[in-house]
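Okay, so here's the structure we're looking at.
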Amino acid sequence: MWLYAARRLLMTIPIGLGVTVICFALIYLAPGNPVQSLLPPDATAKDIEELKHAYGLDKPIPIQYVIWLGHALTGNLGISIQTNRPVLDEVVRALGNTISISVISVILAFVIAMALGILAATRVGGFLDRFSTSIAVFGISVPSFWLGVILVIIFSVELGWLPATGMGSAGSDHFSWFQWSEAKYAVMPIVALTLTPLGILMRTTRSSIAEVLALDFIQTLRAKGLGRTAIVIHAIRNALPQILAMFGLQLGYLIGGSILVETVFTWPGTGFLLNKAILTRDIPLLQGTILVLAMAFVGINLIVDLLQTAVDPRIKRA
Amino acid sequence: MASVATVRRMAWLGMACALGATVAAAPARAESVLRVAMSAADIPDWTGAPDQGYEGFRFVGFSLYDSLTEWDLSHSDKAADIRPGLATSWTIDPADHKKWIFKLREGVTFTDGCPWNADSAVWNFKRLMDTASPQYNVRQHAMQSWLITNIADITKVDDHTIAATTKIEDSLLPYEVAGYFQISNCAVTKMNNDYTAFAKSPSGTGPYKFDKVVPHERLELVKNADYWDKTRVPKHDRLVLIPMPEASTRAAALLSGQVDFIEAPSPDTIPRLKEGGMKIITVPYPHNWNYQLRADRPPFNDVRVRQAANYAINRDELVDMLQGVATPGYGKFIESQTWYGKPLQYTFNIDKAKALLKEAGCMPCKFTVGISTSGSGQMQPLPMNELVKEQLDAAGFQVTLAPMDWNSLIDVFFGGSHKYPQYDAVNVSLSSIEPVQGVMKSSMTRFQPPNGWNWGYFTDPAIDKLGEEALSTFDGPARDALIAKMHETYVADAPEVFIAHDLNPRAISPKVHGFVQAQSWFQDLTPITVGD
Amino acid sequence: MSDLSITGAGATADPNAREAPPASQVRGYWGNVWQRLRYDYATLFFLALIILIVASAVFAPLIAPFDPNKASMAHRLKPLFFRDNILGTDEQGRDILSRILYGGRTSLLMGIAPVVVATIVGGLFGVVAGYAGGKVNTIIMRGMDVFFAFPSVLLAVAISGSLGGGMINQLITLTVVLTPPLCRVAETATSQIRSMDFVDAARASGASTTSILFNHVLVNAISPVLVYASTLVSASILLASGLSFLGLGVSPPTPDWGLMLSTLRQALYVQPIVCAMPGVAILITSIAFNLVSDGLRQAMDVKA
């Protein structure tokens with residue numbers, strides 16, 4: 001177990017390095033001039049060169065990488081071209097906003113998925129099974145941004161119940177979960193984010209519990225006269241490691257993949273930051289945000305893996 | 001991520017809620033707040049070097065800062081002109097036509113208490129012109145230096161007088177400096193010339209003062225009750241600026257009461273906004289939505305082909321499609337500007353277009369135009385370009401639209417047509433608030449890339465001559481007459497397909513009163529009152 | 001790293017599936033699959049739906065009532081069943097139904113082509129890695145691991161955001177995103193089969209590596225790979241529409257469902273139902289692909 005944990009931890013290092021290479025390489029995929037968006041119409045070639053120099057974009061590529069990596073390792077992700085503020089500060093404040101709605105969404109999805117999944121798995125083929133399976137299929141098939149846009153039309157524009165955009169009446173600095181007038185800003189983003197993990201978790205729960213229920217030892221338990229509830233609890237306990245693993249993974253996906261929903265609701269998280277970085281061609285910001293998100297994803301995967309091994313020692317790891 | 005203070009605040013609020021107490025977010029005296037949704041992708045720079053196009057000037061630059069001259073935005077029935085700002089008067093030195101003398105306004109202080117005088121003015125010019133000065137900053141230079149490219153030197157004459165020496169004779173300098181913002185030299189010096197520190201408490205002389213910012217989300221300004229121009233002290237207490245690049249988001253925000261004033265609603269949302277009780281305001285302003293043509297090779301090296309394209313455009317149909325938020329464009333300036341003159345009018349005439357093409361021997365006349373999928377001032381680029389293509393094709397052209405993102409198109413435009421030989425035309429919207437950018441930079445030979453905006457390498461000796469003459473004419477009306485003549489020649493030469501002028505629609509909530517929309521890219525928000 | 005999944009669908013197909021069944025007789029296996037599918041009416045129904053969707057996209061020029069790019073300013077944003085425009089018209093007065101039919105070509109291309117290319121490329125790498133083992137395996141699989149450090153949406157946005165929009169760029173992006181997971185599924189399946197008795201037997205009887213690869217390994221690794229690939233089609237369509245929505249997809253005026261959603265967003269206030277139609281097309285197609293891939297998995301007896 002500890003050996004595995006140590007190996008798993010060591011494996012993360014080359015992956016982390018690979019991630020930095022990809023993030024760094026992104027600039028060179030980009031057409032156009034990275035400082036163009038900053039410059040006024042009449043900027044001369046000299047202005048462009050000066051600005052490139054100021055941002056270190058005029059050095060040879062490998063040197064830029066080494067410098068960039070050195071800085072990144074010490075938490076210096078550079079300065080945003082657009083805002084002139086440290087990229088790390090930008091990403092950290094955005095990450096907090098993304099994590100808060102992602103965690104709530106995944107927990108919400110988890111609770112509903114567990115309830116529906118257990119109901120479905122114990123009544124395979126029944127009405128409840130069909131109902132919850134349909135919800136799950138809808139969840140994994142619906143484009144979340146489209147759902148978001150439709151929610152805005154219904155609940156903000158037509159009914160006027162929920163605000164359409166932003167995080168709080170005075171910006172994210174003054175946001176509070178404990179005041180409805182503020183917290184209501186998070187309702188629609190959370191709903192739009194919840195559906196996909198709900199579908200996935202519900203399917204995982206249903207299939208893993210149904211699978212356990214069909215196993216020999218459950219049949220034995222049943223033969224021994226164990227009650228239905230006790231058997232289901234047993235099945236849940238057995239299926240839990242797999243469901244938990246999926247839970248962690250979904251959390252990682254939401255944190256890294258919330259760009260569409262955040263864009264629709266202008267929720268000031270990392271996805272929104274990423275979209276701004278793309279729109280304004282703010283390469284240091286784009287790189288830094290992607291790097292932090294990828295590293296967060298690697299970290300969550302690592303934790304999930306270790307937890308899963310701890311919870312379920314039967315899982316043998318190569 | 002939450003700071004200790006946040007956690008404490010949350011705990012406090014939680015407790016308050018548990019006790020059933022209402023935690024009032026608003027201060028005791030209700031302050032009147034104007035919340036504006038901008039179309040910018042992010043909050044424009046607020047340290048006196050605005051980015052995000054003219055929207056950055058409009059909402060942030062002119063709110064926090066002043067310039068030597070300022071745009072008079074108090075009328076909506078005539079094109080905006082300049083008037084005294086931080087300078088009370090300006091004259092050209094009769095002995096030296098390269099030397100402008102500016103008399104500075106007395107008794108003005110920056111919001112940090114620093115006095116405005118000749119030293120601050122000279123300091124501000126050196127900020128961009130003198131790389132050796134401590135206040136020099138690359139970014140500030142990159143953003144603002146285009147306004148003062150023609151200034152060779154600035155000197156202090158006395159405490160309230162400065163002299164600006166120009167590189168070439170320049171009768172239009174007062175227009176050029178109207179967007180050159182004067183920031184507090186004391187504040188920047190106190191912060192050791194660190195503009196990031198200055199961004200935390202910027203200081204200018206403008207009608208608003210900086211209050212706070214939530215990065216990427218909102219910039220909050222409060223009124224400057226001590227503003228030197230008492231007629232322009234804001235009639236509301238607070239101005240909140242929120243970037244919302246997506247038009248449908250802006251509409252939803254206005255309809256759900258999250259903001260009071262939105263920029264550029266999309267034409268299709270206008271009926272719904274009206275239904276929701278919002279006021280839609282439009283006004284002509286010097287904006288151009290045209291095709292710039294490559295004039296040094298076929299097909300557009302032939303003036304007949306260029307004119308044919310102009311006759312082929314049914315501008316009224318386009319305006320219809322846009323629900324009336326544009327006006328037909330027949331030239332670079334708009335009619336209310338002094339410089340419009342009496343140019344030839346390319347009224348829609350498909351037979352004439354066909355005849356001209358036949359005469360020029362270009363049938364079908366193929367060309368490729370670079371267009372953007374979105375962008376500042378580009379209006380509704382896709383549907384508009386498709387309609388324009390349809391109209392041109394009907395007259396015997398064969399147009400290929402080459403869509404790209406806005407930044408790429410900007411690269412193509414500033415790179416010049418020689419660098420991008422695949423395009424015969426580009427569709428880049430431009431302003432024409434004053435003659436230098438309006439016509440000179442897009443038509444005179446000396447402004448061919450990389451020196452200006454003459455993308456298509458157009459050249460006409462008559463235009464060059466008129467331009468140089470106008471720049472050396474210091475008698476206002478005589479100069480304006482020369483520019484009008486230049487505009488007439490320009491329209492007849494047709495180095496562009498003149499298509500439309502935006503009406504820059506804005507939608508405001510019924511609570512908002514007193515807004516006078518100026519015929520300008522810039523607007524004055526100070527007279528606005530916000531009711532309940 | 002315990003798992004990977006693209007947006008949603010992948011969750012049900014664990015690439016680490018350890019129980020890919022070796023079919024001793026190839027024909028018998030596929031025969032069984034067909035027998036099982038024959039009585040799975042739900043899957044057959046959605047399979048027919050997919051065929052219908054694909055056919056209507058392929059034959060769009062024959063069945064579309066209008067030219068998808070023919071604009072008409074007089075007939076902008078008309079409601080459902082307006083004259084011959086069954087699904088109404090868009091912001092330029094173009095027929096929505098025709099645009100959805102033509103748009104299916106782009107959207108299905110974005111759903112299927114990257115999956116096919118990724119299956120071939122990823123499958124090949126996976127089989128090589130799984131069969132060769134050792135250093136080759138380490139190099140290929142650790143290389144792929146780097147891509148697994150990115151959630152799929154993030155990776156797609158990162159690549160597209162840097163490359164810029166356009167159909168080719170979008171195809172490249174999606175293929176790059178989909179290749180690593182497919183590679184891993186193929187690698188897992190191959191390395192299991194490689195260690196199985198019948199492969200050893202073949203090797204002992206003097207069969208060449210190529211022959212073993214083609215006759216034994218490939219035919220057996222193909223089911224889990226195909227099942228997994230089928231789950232990715234819907235994911236790919238959703239991802240492509242998301243990129244188009246962010247302005248990172250195909251360039252207008254090419255009809256494309258994601259792009260239509262994005263441009264019609266402005267007109268949602270005028271004709272909400274008409275403007276929701278491209279979303280409905282995405283939803284139905286995505287559901288059909290998801291359910292068929294579920295059915296396939298059951299029929300091919302690949303454990304989730």
Side-chain angles (χ1 to χ4, degrees), chain A residues 31-33 35-45 47-48 50-51 53-54 79 82-85 89-90 92-97 99-100 149 152-153 156-157 160 162-167 169-174 176-179 181-182 263-266 268 272-273 276 279-281, chain B residues 1-2 6 9-10 13-14 16-17 23 25 41-43 45 47 51-52 138-139 141-147 149 195-196 199 212 214-218 220 240 242-246 248-253 255-258 272 276 405 407-408 410-411 413-414 430 437 441 450-453:
Chain A
N33 171 359
V35 290
Q36 184 71 66
S37 63
L38 248 190
L39 292 166
D42 275 19
T44 61
D47 286 337
I48 294 175
E50 272 185 29
L51 207 63
H53 179 73
I79 303 287
Q82 202 65 45
T83 64
N84 229 1
R85 280 189 301 270
D89 293 3
E90 299 271 7
V92 164
R93 44 179 304 137
L95 194 61
N97 298 339
I99 288 177
S100 57
V149 171
V152 168
I153 296 288
S156 307
V157 174
L162 294 167
T165 161
M167 179 176 180
S169 57
S172 58
D173 279 5
H174 304 269
S176 159
W177 288 104
F178 302 103
Q179 254 182 302
S181 63
E182 295 291 305
T263 303
V264 169
F265 295 105
T266 35
F272 163 87
L273 201 61
K276 281 215 188 304
L279 279 175
T280 56
R281 283 277 157 88
Chain B
M1 300 305 128
T6 319
R9 190 174 65 230
M10 281 184 174
L13 285 177
C17 290
V23 181
D42 208 334
I43 298 173
D45 171 275
T47 63
D51 51 1
Q52 307 287 343
V138 179
R139 189 191 155 98
H141 175 81
M143 292 313 303
Q144 288 258 291
S145 64
W146 64 289
L147 292 159
T149 40
Y195 285 85
T196 317
K212 62 187 172 204
V214 184
H216 307 293
E217 292 173 53
R218 51 168 61 213
E220 300 200 12
V240 179
I242 305 169
M244 278 187 207
E246 231 291 314
S248 62
T249 308
R250 290 196 295 278
L255 284 168
S256 60
Q258 279 183 267
R272 179 66 184 83
D405 69 69
N407 274 311
S408 308
I410 289 180
D411 285 349
F413 183 66
F414 292 121
L430 294 170
Q437 358 168 358
K441 284 198 175 172
N451 302 316
W453 304 349

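Order of the sequence lines fixes the chain letters, A, B, ..., with proteins taken first and strands second; residue numbering starts at 1 for each chain.
- The side-chain heavy atoms of B:R218 and A:D173, taken from C-beta on, include no pair separated by under 4.5 Å.
- Residue B:D45: no heavy atom, backbone or side chain, is found under 4.5 Å from chain A.
- Interface residue A:V157: backbone and side-chain heavy atoms are both found under 4.5 Å from chain B.
- With a 4.5 Å cut-off on non-hydrogen atoms, A:F272 touches chain B through its side chain but not through its backbone.
- Counting heavy-atom pairs closer than 4.5 Å to chain A, the top residue among B:A253, B:G276, B:P215 is B:P215.
- No part of A:I153 comes within reach of chain B, as not one of its non-hydrogen atoms sits under 4.5 angstrom from that chain.
- Going from atom OG1 of B:T196 over to atom CD1 of A:I79 covers 7.0 Å, rounded to the nearest 0.5 Å.
- B:S256 pairs by the side chain to side chain contact (heavy atoms under 4.5 Å, CB included) definition with A:S156, A:A164, B:Q258, not counting sequence neighbours.
- Both the backbone and the side chain of A:A170 have a heavy atom closer than 4.5 Å to some heavy atom of chain B.
- The side-chain heavy atoms of B:H216 and A:R93, taken from C-beta on, include no pair separated by under 4.5 Å.
- By the salt bridge (charged side-chain N to carboxylate O under 4.0 Å, His left out) test, B:E217 pairs with no residue at all, sequence neighbours left out.
- With chain A as partner, the option from B:R272, B:M244, B:E246 having the largest number of non-hydrogen pairs under 4.5 angstrom is B:R272.
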